[in-house]
Protein chains: 2
Amino acid sequence: MGRMTDTDAILSAAEKLLDRNGFSATSIDRLTDAAGVSSRTFYKHVGSRQALIAAILDARAKRFLAAMPRTGTDALFAALGDWFETQGANGCFFLRAAREIGEGDARAQTRLTAQKQQTLDLIGDCVASDLGRRDDALAGQILILFEGATHAAVYRGRAAVADARAAAATLLAAAHIRSGAAYA
Amino acid sequence: MGRMTDTDAILSAAEKLLDRNGFSATSIDRLTDAAGVSSRTFYKHVGSRQALIAAILDARAKRFLAAMPRTGTDALFAALGDWFETQGANGCFFLRAAREIGEGDARAQTRLTAQKQQTLDLIGDCVASDLGRRDDALAGQILILFEGATHAAVYRGRAAVADARAAAATLLAAAHIRSGAAYA
DNA sequence: ACCCATGTAAAACGATCGTTTTACATTTCA
DNA sequence: TGAAATGTAAAACGATCGTTTTACATGGGT
C-alpha cells in the first residue's frame with residue numbers, strides 16, 4: 001500500500017464507518033474519533049460532511065471498478081465475492097448514499113446513475129468475452145443477478161454470491177446454445 | 001377499502017413518507033403534517049417513533065405477502081412489477097429499515113430475516129408449482145433475481161423487472177430440461 | 001532562538017431532533 | 001347542563017447534530 005496522507009487516512013476510516021453503520025447514524029464525532037484527529041483538522045482536510053462523502057464515493061467507485069475483471073462473467077462474480085469478503089457486504093454503497101443523503105445533494109443521484117452505467121458496461125464486456133459477441137439483453141439480466149447478490153449477501157452471505165454465480169452460468173449456457181453452438 | 005381508523009391513517013401516511021424519503025430524513029413533524037394530526041394525538045395513537053416503525057413493518061410484510069401469488073414464477077414477477085407500479089420502487093423496505101434504524105432496534109434485524117425467509121418460502125412454492133417438484137437451489141437463484149429486480153428497479157424502472165422475469169424463465173427452462181423432460 | 005504552520009482539546013453556535021407539557025377548543029353523552 | 005373525553009396549537013425539554021472558534025501545545029526551517 002502506498003504512503004497514506006492525513007486526508008487519505010480520514011477518508012478510509014470514514015468510508016469504513018459509513019458503510020458499516022450507515023450515513024445518518026455516523027456523526028462527525030465518530031468520524032474524527034475513528035480517524036484520530038480533532039474536528040479542526042478534519043474540517044481543514046475534508047471541508048465539510050458533504051464534501052467528505054463526495055470524495056469517498058469517487059474513491060470507492062474507482063477502487064471497485066479496478067477490483068473487477070473485464071473478461072469472464074464467472075471471474076466477475078468471483079471478484080464480487082472477494083470484495084464482500086474483504087470489504088463487507090452491506091448493500092450497494094452508492095444506492096444507500098443516494099437514498100440516505102438523497103434530495104439534499106443531487107450529485108449523489110448523479111453519481112449513482114454513473115456508477116450503475118459503468119457496472120452495466122463492465123458486465124457487458126464480461127458477457128462479450130464469454131460469448132464472442134455483445135448481448136445487451138443478457139447483460140441486463142446479469143446486472144440483476146449482480147445487484148441481487150449485492151443485497152442478498154447482506155443476509156445470506158457467501159451463498160448469495162454462489163447462487164448468482166450459478167445462475168449466471170446457466171444464463172450464459174442458454175445464450176450460447178441460442179447462438180447456434182454445438183451441444184456439449 | 002375498509003373503514004380507516006385514525007391509527008391506520010397515521011400508519012399509511014407514515015409508510016408512504018418513510019418509503020419515499022427515508023427513515024432518518026423523515027421527522028415526526030413531517031409525519032404529523034402528512035397525517036393531519038397534532039403531535040399529541042400522534043403519540044397517543046402510535047406510542048413512539050420506534051413503535052410506529054415496528055407497526056408499519058408488520059403491516060407492510062402482511063400486505064406484501066398477500067399481494068404475491070404462490071403459484072407460477074412468471075406470475076410472481078408480474079405481481080412484483082405491479083407492486084412497484086402502485087407502491088413505488090425504492091429498494092427493499094425491510095433491508096433499508098434494518099440498515100437505517102439498525103443497531104438501535106434489534107427487532108428490525110429480526111423482522112428482516114423473517115421477511116426474507118418468508119420470501120424464500122414464497123419463491124420455493126412458485127418454483128415447485130412450475131416444476132412439479134421442490135428445487136431449493138433454483139429457488140435460491142430466483143431469490144437473487146427477486147432481490148436484484150427490487151433494487152435495480154430504483155434506477156432502471158420496469159426494465160429491471162422485465163429482465164429478472166426473462167432470466168427466471170430461462171433458469172426454469174434449464175431446470176426443467178435437467179429434470180429429464182422431453183425437449184420442445 | 002524564534003516564527004509559523006499545524007496540531008489538539010474543548011467550548012460555543014444555531015438548528016433540529018423526539019418527546020412532553022401547557023393552555024384552550026370542541027364534541028359526546030348521561 | 002355539565003363533566004369527561006378528545007382534539008389542536010404551540011411552547012418547552014434535553015439531547016445531538018454539523019460547524020466554527022478560542023486557547024494552547026509542538027516541532028521543523030531559516
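Just so we're on the same page: letters track the sequence lines, and every chain starts at 1.
- No donor-acceptor contact under 3.5 Å links the side chain of A:R40 to the base of D:dT19.
- Here B:R49 reaches the OP1 or OP2 of C:dG18: one of its side-chain N or O atoms lies under 4.0 Å away.
- The nucleotide whose nearest atom lies closest to any side-chain atom of A:D6 is, among C:dT8, D:dG7, C:dG7, C:dG7.
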TODO: Would you please test A:L18 and A:I53 for side-chain contact (heavy atoms from CB on, under 4.5 Å) and show each step?
DONE: CA-CA 9 Å; A:L18 292 172; A:I53 292 178; 4.2 Å; yes

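- If you measure from atom CD of A:Q50 to atom P of D:dG18, you get 12 Å, rounded to the nearest angstrom.
- Nearest approach of A:A149 to A:F84, heavy atoms of both residues: O-CE1, 4.0 Å.
- Looking at A:R99, its side chain never comes within 3.5 Å of a backbone N or O of A:F94 through a donor-acceptor pair.
- Between A:F93 and A:F23, the ring-plane angle classifies as tilted under the 30° and 60° cut-offs.
- For B:Y43, the listed nucleotide lying nearest its side chain is C:dT20; candidates were C:dT20, D:dT8, C:dG7.
- Contacts between residues 24-33 of chain A and DNA chain D, defined by a heavy-atom separation below 4.0 Å, involve A:T26, A:S27, A:I28, listed by number.
- Comment: A:E85 engages A:R158 in a salt bridge, judged by a side-chain N to carboxylate O separation of less than 4.0 angstrom.
- Minimum heavy-atom separation, B:M68 to B:L122: CB-CD2, 3.7 Å.
- Using a 4.0 Å heavy-atom distance criterion, B:G47 is classed as making no nucleic acid contact.
- Two residues, B:S39 and A:F42, neighbour DNA chain D, and the one matched to the more 5' nucleotide by heavy-atom proximity is B:S39.
- Rounding to whole angstrom units, NE2 of residue A:H45 and C1' of C:dT6 are separated by 9 Å.
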